[in-house]
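Structure first, then comments.
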Protein chains: 2
Amino acid sequence: MITQQFHTVGQVAVLAGVTVRTLHHYDRIGLLVPSERSEQGYRLYDYGDLERLRQIRLLRELRFSLDAIGQMLDATAYDRRSALVGQRELLRERQERTEKIIFGVDRALTALEEEKEMNRTEMFEGLEEFDHEQYQEEAERRWGHTDAYRESMRRTRRYGKNDWARIKEEGETVMARLADLLADGAQAAGRAAMDLAEEHRCHIDRWFYPCSHGMHRALADMYTADPRFMEYFEKRGQGLATFVQDAIKANAARARSRS
Amino acid sequence: MITQQFHTVGQVAVLAGVTVRTLHHYDRIGLLVPSERSEQGYRLYDYGDLERLRQIRLLRELRFSLDAIGQMLDATAYDRRSALVGQRELLRERQERTEKIIFGVDRALTALEEEKEMNRTEMFEGLEEFDHEQYQEEAERRWGHTDAYRESMRRTRRYGKNDWARIKEEGETVMARLADLLADGAQAAGRAAMDLAEEHRCHIDRWFYPCSHGMHRALADMYTADPRFMEYFEKRGQGLATFVQDAIKANAARARSRS
DNA sequence: CTTGACCCTGACGTAACGTCAGGCTCTACC
DNA sequence: GGTAGAGCCTGACGTTACGTCAGGGTCAAG
């Protein structure tokens, strides 16, 4: 049973802590059109409108553009429950980011007291502009392991052109050596292949995101599951994707048996 | 010993996760002017500049306007340590607000499942626009006891119209009675005046912020030192400001002698 | 000596409202 | 029952914090 109670702009403005002008604006751009108008043309908002406004303000607080917000809320696949859950996730993330910023302030304080300088890369942790678009597009469909993805984004944004060249070369070298092994008919579970797999893992760990053996195995699975990766591997050796996958799994197993 | 290492716009941009244009902009408006320029006019930023940029980005993250940020960082009374501590405080507050918003999402989820409606006043908790101006202007110059000020802001933001009316009336009553005493020629250090001073202290303690006797005395000093307060008192009785001041001090002394 | 990555300074564009101006509506009080 | 004050409406122009070219120097590498 839904009570059909209406609110005028002024009332909504007080409730939500926004200005009347903001509501006018949302109406004009079609983001929040009140579900009713009085005889005299007064805007009348019902509970559904308020709930939508709540979500709008929440997403705005998280720096999404009104345009993006509109798309999210009007998405055909929009499901209220999962939307709310997603929002909670975003808020948790923000808490983590804020925590990092606080950490930065603390470091600045100790640096000040000890008259030292802060580490230049730590300095802006949590303060970088987060690229919402990429987040939306990419994270939305594939890649599953979102934490790794995000950390990867965070780190790689700092890399300059030279860095990229060097890192890419390092990665290519490992892949080339694996391709050579495959061409020579070596075993994926052999010593040489496993060592190269381990090198690959360290490469990722150093330049992209913390990569445990478990994470590495998950990655290996993706190499055969995701067409984008498949293409990359097949270009430098037929069957390389599965070969690398096996080598990584063998390496992970070896690491576990050692500990 | 400070290492004098310089960074160009591009490098700073990557470090801080902002665009080059943003740095140009900050330069033009005088918010962050690089401490050096190369022969060819290239902007060169040193560590101090980076630290300032860090603070700028932090305060921006907290939605302060560039104008406000400039005023804060260039305030004559600016002290790096207390500025950092203040920033940490603001960030903690934000964590609390985020927590409230998450709470709101959870409530929305349960409301959805139980097909009920949310409480309209709880709905937007943590999402209201915070009035930065008030915070800034006031906190910047006077009032010294910033903690009290912030706590006061925090509490009063929740008060509705009725609350305000009631609280204000309660305060006015006390003042009126003190004015009466003054008019009757009573002693500021007399029993009646001291009792009213105590009432005044409790009033603040209950509705605005924890108010010890020490804090109350500091407040009393302000009543004669700050023209805004002076005006308030003088309007309802000539010499009332000093009368109240004396009564408060006497009351504080009495409290101490009792313990 | 050219090419590609960076740097510079205008100058115009844009998102999300703020801020009037000019005018209708509704309750309240004399 | 009229009028004052608070609230609503629709333009329309202003503002903040950059984004986005355009046109043109700088510098290391090949």
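First the proteins, then the strands, lettered A, B, ... as listed; each starts at 1. Quantities reported herein were computed from a predicted structural model and do not represent experimental measurements.
Salt-bridge check for B/Arg43 with B/Asp49: failed, with every basic side-chain N at 4.0 Å or more from each acidic carboxylate O. Salt-bridge formation is detected for the pair B/Asp27/B/Arg37: a Lys NZ or Arg NE/NH1/NH2 atom is positioned less than 4.0 Å from an Asp or Glu carboxylate oxygen. Between B/Asp46 and B/Arg52 there is no salt bridge, since none of the side-chain N atoms of the basic residue sits less than 4.0 Å from a carboxylate O of the acidic one. Using a cutoff of 4.0 Å between basic side-chain nitrogens and carboxylate oxygens, B/Glu125 and B/Arg97 are not scored as salt-bridged.
Comparing D/dC18, C/dT19, D/dC8 by their closest approach to the side chain of A/Val9 singles out D/dC8. Residue A/Tyr42 places its side chain closer to D/dG7 than to any other of D/dG11, D/dG7, C/dT19. With D/dG19, D/dT10, D/dA17 as the candidates, the nucleotide lying closest to the side chain of B/Thr19 is D/dG19. With distances taken from any side-chain atom of A/Gln40 to the nucleotides C/dC26, C/dA16, D/dC9, the minimum falls on C/dC26. Listed nucleotides C/dG18, C/dT9, D/dG19 differ in distance to B/Thr22; the shortest reach to its side chain belongs to D/dG19.
One atom, CD of B/Gln11, and another, C1' of C/dC7, lie 12 Å apart when rounded to the nearest Å. Rounded to a whole Å, the NE2 atom of A/His25 is 7 Å from the C1' atom of C/dA15. Note: CZ (B/Arg37) to C1' (D/dG25) measures 14 Å, nearest angstrom. Note: CD (B/Glu36) to P (C/dC7) measures 17 Å, nearest angstrom. The nearest whole Å value for the distance from the CG atom in B/Asp27 to the P atom in C/dG10 is 12 Å. Following rounding to the nearest Å, B/Leu32 (CG) and D/dC18 (P) show an atom-to-atom distance of 12 Å. When the P atom of C/dT25 is taken as reference, atom CG of A/Leu44 falls 15 Å away, rounded to whole Å. Residue B/Phe64 contributes atom CZ, which lies 17 Å from atom P of D/dT16 at whole-angstrom precision.
Among the heavy atoms of the strands lying under 4.0 Å from A/Ser65 are primed sugar atoms or P, OP1, OP2 only; no base atom is included. Residue contacts shown for A/Thr8 are limited to sugar-phosphate atoms, with no base heavy atom under 4.0 Å away.
Phosphate contact (OP1/OP2 of C/dC17, side-chain N/O of A/Tyr26, threshold under 4.0 Å): present. B/Arg60 has a side-chain polar atom (N or O) that falls below the 4.0 Å cut-off from OP1 or OP2 of D/dC18. Contact annotation: A/Arg43 does not reach the phosphate of D/dC8 (side-chain N/O to OP1 or OP2, under 4.0 Å). Applying the 4.0 Å criterion to OP1 and OP2 of C/dC17, one finds that A/His24 has every side-chain N and O outside that range.
Summary of the strand contacts: B/Gly10 and B/Arg28 both lie near DNA chain C, and taking for each the nucleotide with the nearest heavy atom, the more 5' one is attributed to B/Gly10. Heavy-atom nearest nucleotides on DNA chain C were determined for A/Arg21 and for A/Glu39, and the one closer to the 5' end corresponds to A/Arg21.
Donor-acceptor pairing under 3.5 Å is recorded for the side chains of A/Arg92 and A/Gln95.
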(request) I would like to know whether B/Glu89 and B/Val85 meet side chain to side chain contact (heavy atoms under 4.5 Å, CB included); could you show each step before the answer? (result) CA-CA 6 Å; B/Glu89 183 62 24; B/Val85 172; 5.7 Å; no
